[in-house]
Protein chains: 2
Amino acid sequence: MKKKSLSANATFNNLPLEKQEAIIHETVREFAANGYQKASLNTIVKNLGIAKGSLYQYFRNKEAIFYFVFEEFTHRVKQTVKDGTGQERSADFFDRVKQVMLAAITFVDRYPDYFQIYLKVLFEHDVPRREELLGRVRLFSREYFGPLCEEAREKGVIRRDIPVATLIFLLDAFFDRFLQGYVQPYLDGGLGMAKMSRKELTVKIDEMIEVLRGGFVGEEAEKVKK
Amino acid sequence: MKKKSLSANATFNNLPLEKQEAIIHETVREFAANGYQKASLNTIVKNLGIAKGSLYQYFRNKEAIFYFVFEEFTHRVKQTVKDGTGQERSADFFDRVKQVMLAAITFVDRYPDYFQIYLKVLFEHDVPRREELLGRVRLFSREYFGPLCEEAREKGVIRRDIPVATLIFLLDAFFDRFLQGYVQPYLDGGLGMAKMSRKELTVKIDEMIEVLRGGFVGEEAEKVKK
DNA sequence: TCATGACATGACCAGGTGGTCATATACACG
DNA sequence: CGTGTATATGACCACCTGGTCATGTCATGA
């Protein structure tokens with residue numbers, strides 16, 4: 001399948017793949033490091049050793065460059081999630097939550113800069129077409145967790161006395177912060193997740209999901225009480 | 001008690017209180033709207049109707065202005081939390097969590113701009129003295145939730161089969177996202193918390209804390225099973 | 001050999017930034 | 001009144017930004 005993008009000019013698509021990739025790589029790096037507004041096209045062309053005019057023959061303007069990069073991001077996200085959760089589709093609610101988390105970890109390990117860009121967009125208010133871009137990644141909370149919770153609720157796997165929207169919110173909050181903590185050490189509450197091996201990480205995830213399942217009180221403590 | 005700040009020059013402290021407050025107000029607004037780097041001193045002085053030179057007689061530079069604002073923020077945070085949780089110090093773990101949440105809501109209602117600044121700092125990497133500033137607000141996860149969890153764990157109120165650090169992480173994740181969702185509607189997962197009355201909000205909080213307590217499975221569902 | 005068109009270049013532009021400073025003003029005190 | 005001091009001012013500076021464009025290079029094909 002050939003690559004084609006509406007946000008890049010034909011000139012860019014005609015470039016040798018090597019050069020395309022170099023440009024993408026440097027551009028992603030710059031946006032990840034500085035967000036949209038502060039990212040400097042001058043820096044990009046300097047690091048690439050090309051003229052600024054060239055960049056403007058590949059893309060209409062800064063916005064188009066960013067848009068192009070974000071398209072790459074969403075594409076990679078969807079691919080990774082599909083790969084990670086597609087096979088051995090476990091029926092258990094909590095197992096599936098775990099699978100999504102592992103897929104997400106895989107993603108941020110593989111494409112840390114892309115994830116940084118996403119985080120930047122989340123908290124930078126004047127990114128062009130921001131709402132549209134973020135909407136595309138909403139798949140986690142609404143498209144994925146939503147049906148998952150609904151189904152589990154109907155089957156009686158999760159409690160029915162709490163509105164499903166509240167459960168989704170909590171799941172999403174937990175999921176999001178988990179990823180953020182993994183990437184931004186100052187958000188992990190001293191857990192040191194950034195430096196964990198995949199194995200240690202899995203243990204932590206299991207712990208957390210166990211708390212999601214049984215709550216802060218836990219079944220053990222509950223039993224003792226009665 | 002007189003106000004005194006090391007980050008503001010004497011000239012600023014000598015100013016009539018009215019003027020001081022006007023300057024603080026506009027400065028907070030600008031930083032909240034644009035974060036540190038993109039906040040424009042030109043905009044601030046234009047909106048205030050003062051000369052740029054004046055601003056530089058009140059503060060050494062942009063960094064000092066920001067530092068001053070952040071000091072105001074931490075001061076207000078501590079005050080609000082103290083006011084909200086000080087009286088009727090309930091002994092119950094979950095009640096106390098609830099109290100902190102309500103105090104936090106009170107804070108972001110009263111000082112939305114200050115909270116925006118905090119969020120901006122969280123995700124803007126090149127804020128001067130960023131680590132130091134963020135460290136001061138860490139009181140939630142470490143100084144407050146930490147001892148709270150330890151104590152509850154010893155009393156047997158919360159489960160002992162999960163490391164306390166993990167519990168704190170989850171509590172912090174939930175707490176943080178709850179506040180962010182309250183302030184940034186696109187993060188609330190369609191719950192519409194931004195527009196809730198204090199009463200409705202309390203109901204939601206109760207729901208969430210109930211999930212924290214009993215987990216996604218819940219005690220009802222659990223009972224039925226057995 | 002020459003013409004065409006795709007691609008590369010960097011000087012240049014207008015507009016914005018944080019920061020400076022010589023000068024003007026206002027007010028208190030003798 | 002005159003003098004000294006604290007405050008106010010805005011033109012100005014160097015630097016950086018995204019964006020433009022006239023000019024140059026070069027491979028292709030006739």
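Sequence lines set the chain letters: A, B, ... in the order given, protein chains first and strands last, and positions in each chain run from 1.
We find that R136(B) and E132(B) are joined by a salt bridge, their nearest charged nitrogen and carboxylate oxygen being less than 4.0 Å apart. Ion pairing between R76(A) and E72(A) holds under the 4.0 Å rule for side-chain N and carboxylate O.
Rounded to whole Å, the distance from NZ on K46(A) to C1' on dG10(C) is 15 Å. As a whole-Å value, the separation of F12(A) CZ from dA6(C) P is 18 Å.
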Under 4.0 Å protein heavy-atom contact, by nucleotide of nucleotides 3-19 of chain D - B base, S sugar-phosphate only
----SBBB------BBB
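Note: Y114(B) and F73(B) have parallel aromatic rings, judged against thresholds of 30 and 60 degrees for the angle between ring planes. Between F66(B) and F70(B), the angle of the ring planes lies from 30° to 60°, which puts this pair in the tilted group.
Judged as a salt bridge (charged side-chain N to carboxylate O under 4.0 Å, His left out), and not counting sequence neighbours, the contacts of K38(B) are D126(A).
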